[in-house]
Chemist: 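Got a structure for you, questions after.
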Amino acid sequence: MKIILAIIALGFFGFLLGKLIKHKSLYPFMPFRYDFRKRRDSFRKTMELLDKISAKTIIETGTSREGLRGAKSNGAATIVFGKWAKQNNAFLHSVDISEKSVAKCQEEINNQNLNEVVKVHLSDSVAFLDNFEEKVDFIYLDSYDYDDDPAVQIKSQKHHLKEFIAIEDNLHSDSIVLIDDCDLPNGGKGKLVVDYMLKKDWKILINEYQILLVRKNFSF
Ligand SMILES: C[S@@+](CC[C@H](N)C(=O)[O-])C[C@H]1O[C@@H](n2cnc3c(N)ncnc32)[C@H](O)[C@@H]1O
């Protein structure tokens, strides 16, 4: 009987340990319970770079439609980078074409008290970026959803390329670009935009689920 109980206890302990190892929090920056999983390390590195360049203007395409609850699935980047903006006297513009996504994200922005540093714009991202006039320190590309359908994949990849081209002239020598959902069949959201950037003066710093790029002559 004792042996059986010991085996059950060990199994349970192993299960908990497995969960803990998989859990990738951004603690202490974000509460420990939020699991950023495949984006945790690239978010962390991005924020290190944002610190270094003293970023002031940030844009995200595709807003956090599930608020912080979506940390593991969608990334919850509006809240992560919004919180970074609040702590660093910066401003985040997040743009989304869906009224529902904008409303859901706005709820979380209110909950997190980020209204002074985050504005969610209801617009097609390319149209928004085309009209954006300020210099941009960091742009996070994560709009047009990517799925298993090859036709959708191409549309998503073309859309992300158009986003980059629309904002390219607003980027400076130390600007940072992060692209989500890249390590997926047929190259993910970043395929065309990364090919385009590598033909110019950009280099990859992280090539994982997310791709992080800076200029070849990035000074930090
Ligand atoms: C994956 S979610 C964004 C997740 C968010 N970045 C996060 O970290 O939680 C993709 C969002 O892109 C939006 N979207 C799709 N097409 C778009 C477009 N053409 N312009 C702007 N937003 C778009 C969708 O409405 C959806 O809310």
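Each ligand, and each atom within it, is numbered from 1 in the order the structure gives.
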Chemist: May I ask you to say whether Lys191 pairs ionically with Asp195, meaning some side-chain N is under 4.0 Å from a carboxylate O?
Modeler: yes

Chemist: Please check if atom OH in Tyr27 has more than 12 non-hydrogen atoms from other residues, nucleotides or ligands closer than 6.0 Å.
Modeler: no

Chemist: Around atom 23 (C) of ligand 1, find the nearest protein heavy atom and jot down its residue, atom name and distance.
Modeler: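 Nearest protein contact, heavy atoms only, for atom 23 (C) of ligand 1 is Ile97 CG2, 3.6 Å.
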
Chemist: Over all heavy atoms of both residues, which pair between Leu198 and Lys203 is shortest? Give the atoms and the distance, please.
Modeler: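 For Leu198 versus Lys203, the nearest heavy atoms are CD2-CA, 4.2 Å.
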
Chemist: I'd like to check whether Asp145 has a polar contact with ligand 1, where a contact means an N/O of the residue lying under 3.5 Å from an N/O of the ligand.
Modeler: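 In fact, backbone or side chain, Asp145 has no N or O that close.
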
Chemist: If the cut-off is 4.0 Å to any non-hydrogen atom of Gly75, which atoms of ligand 1 fall inside it?
Modeler: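 Reading through ligand 1 atom by atom, the close ones are 8 (O).
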
Chemist: So that I can tick it off, tell me whether Asp145 and Arg65 are bridged by a salt bridge, with the cut-off set at under 4.0 angstrom between side-chain N and carboxylate O.
Modeler: yes

Chemist: Which heavy-atom pair separates Leu171 from Arg215 by the least distance, and what is that distance?
Modeler: O-NH2, 3.4 Å

Chemist: Are any of the N or O atoms of Asp96 closer than 3.5 Å to those of ligand 1?
Modeler: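 Yes - when backbone and side-chain N and O of Asp96 are compared with those of ligand 1, one distance drops under 3.5 Å.
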
Chemist: Of the protein's non-hydrogen atoms, which lies at the shortest distance from atom 10 (C) of ligand 1, and what is that distance?
Modeler: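 Atom 10 (C) of ligand 1 sits closest to the protein heavy atom Ser143 O, 3.3 Å.
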
Chemist: Find all atoms of ligand 1 within a distance of less than 4.0 Å from any non-hydrogen atom belonging to Tyr144, and give their numbers and elements.
Modeler: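 Close to Tyr144: 15 (C), 16 (N).
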
Chemist: Tell me which part of Asp181 gets within contact of ligand 1: side chain, backbone, both or neither, using heavy atoms under 4.0 Å.
Modeler: neither

Chemist: Looking only at protein heavy atoms, identify the closest one to atom 7 (C) of ligand 1 and say how far it is in Å.
Modeler: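 Nearest neighbour among protein heavy atoms for atom 7 (C) of ligand 1, to 0.1 Å: Ser64 OG, 3.2 Å.
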
Chemist: Counting both backbone and side chain atoms, is some N or O of Ser125 under 3.5 Å from an N or O of ligand 1?
Modeler: yes

Chemist: Can you tell me which portion of His159 lies within the under-4.0 Å heavy-atom range of ligand 1? Options are side chain, backbone, both, or neither.
Modeler: side chain

Chemist: Glu60 heavy atoms, cut-off 4.0 Å: which ligand 1 atoms fall inside?
Modeler: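 So the atoms of ligand 1 that pass are 5 (C), 6 (N), 7 (C), 8 (O).
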
Chemist: Tell me, please: is Gly70 in heavy-atom contact with ligand 1, that is, under 4.0 Å?
Modeler: no

Chemist: With heavy-atom distances below 4.0 Å as the criterion, list the atoms of ligand 1 near Ser98.
Modeler: 25 (O)

Chemist: May I ask you to check whether over 12 heavy atoms, not counting those of Lys38, lie within 6.0 Å of atom NZ?
Modeler: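 Counting neighbours around NZ of Lys38, more than 12 heavy atoms of other residues, nucleotides or ligands fall under 6.0 Å, so yes.
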
Chemist: Is there a polar contact, in the sense of an N or O pair closer than 3.5 Å, between Asp142 and ligand 1?
Modeler: yes

Chemist: Look at atom 19 (N) of ligand 1 and say which protein heavy atom is nearest, naming residue and atom and giving the distance to 0.1 Å.
Modeler: Asp124 OD1, 2.8 Å

Chemist: Given side chains that start at C-beta, do those of Val80 and Met47 come closer than 4.5 Å, heavy atoms only?
Modeler: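 Side chain of Val80 against side chain of Met47, heavy atoms only: contact under 4.5 Å found.
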
Chemist: Closer than 4.0 Å to some heavy atom of Ser101 - which atoms of ligand 1 meet that?
Modeler: 25 (O), 26 (C), 27 (O)

Chemist: Any chance you could measure Trp202, atom CH2, to Leu213, atom CG, to the nearest 0.5 Å?
Modeler: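 These two atoms lie 7.5 Å from each other.
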
Chemist: Could you list which atoms of ligand 1 come closer than 4.0 Å to a heavy atom of Ala76?
Modeler: 7 (C), 8 (O), 9 (O)

Chemist: Quick one: does Ser123 get within less than 4.0 Å of ligand 1, heavy atoms only?
Modeler: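 Yes, that is the case, since the closest heavy atom of the residue is under 4.0 Å from the ligand.
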
Chemist: For Asp149, what residues pass the side-chain contact (heavy atoms from CB on, under 4.5 Å) criterion, not counting sequence neighbours?
Modeler: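 side-chain contact (heavy atoms from CB on, under 4.5 Å) list for Asp149, sorted by chain: Asp147, Ala151, Val152.
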
Chemist: Any salt bridge between Asp181 and Arg39, counting N to O under 4.0 Å?
Modeler: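 Judged by the 4.0 Å cut-off on N to carboxylate O distance, Asp181 and Arg39 do form a salt bridge.
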
Chemist: Which pairs count as side chain to side chain donor-acceptor pair (under 3.5 Å) when at least one residue sits in residues 81-92, sequence neighbours excluded?
Modeler: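 As it turns out, the side chain to side chain donor-acceptor pair (under 3.5 Å) pairs with a partner in residues 81-92, which skip direct neighbours, are Asp51-Trp84.
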
Chemist: If you have a sec, work out which protein heavy atom is nearest atom 8 (O) of ligand 1 and how many Å separate them, to one decimal?
Modeler: Ala77 N, 2.9 Å

Chemist: Strictly below 4.0 Å, N to O, side chains only: are Glu134 and Lys56 in salt-bridge contact?
Modeler: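 So Glu134 does not pair with Lys56 through a salt bridge.
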
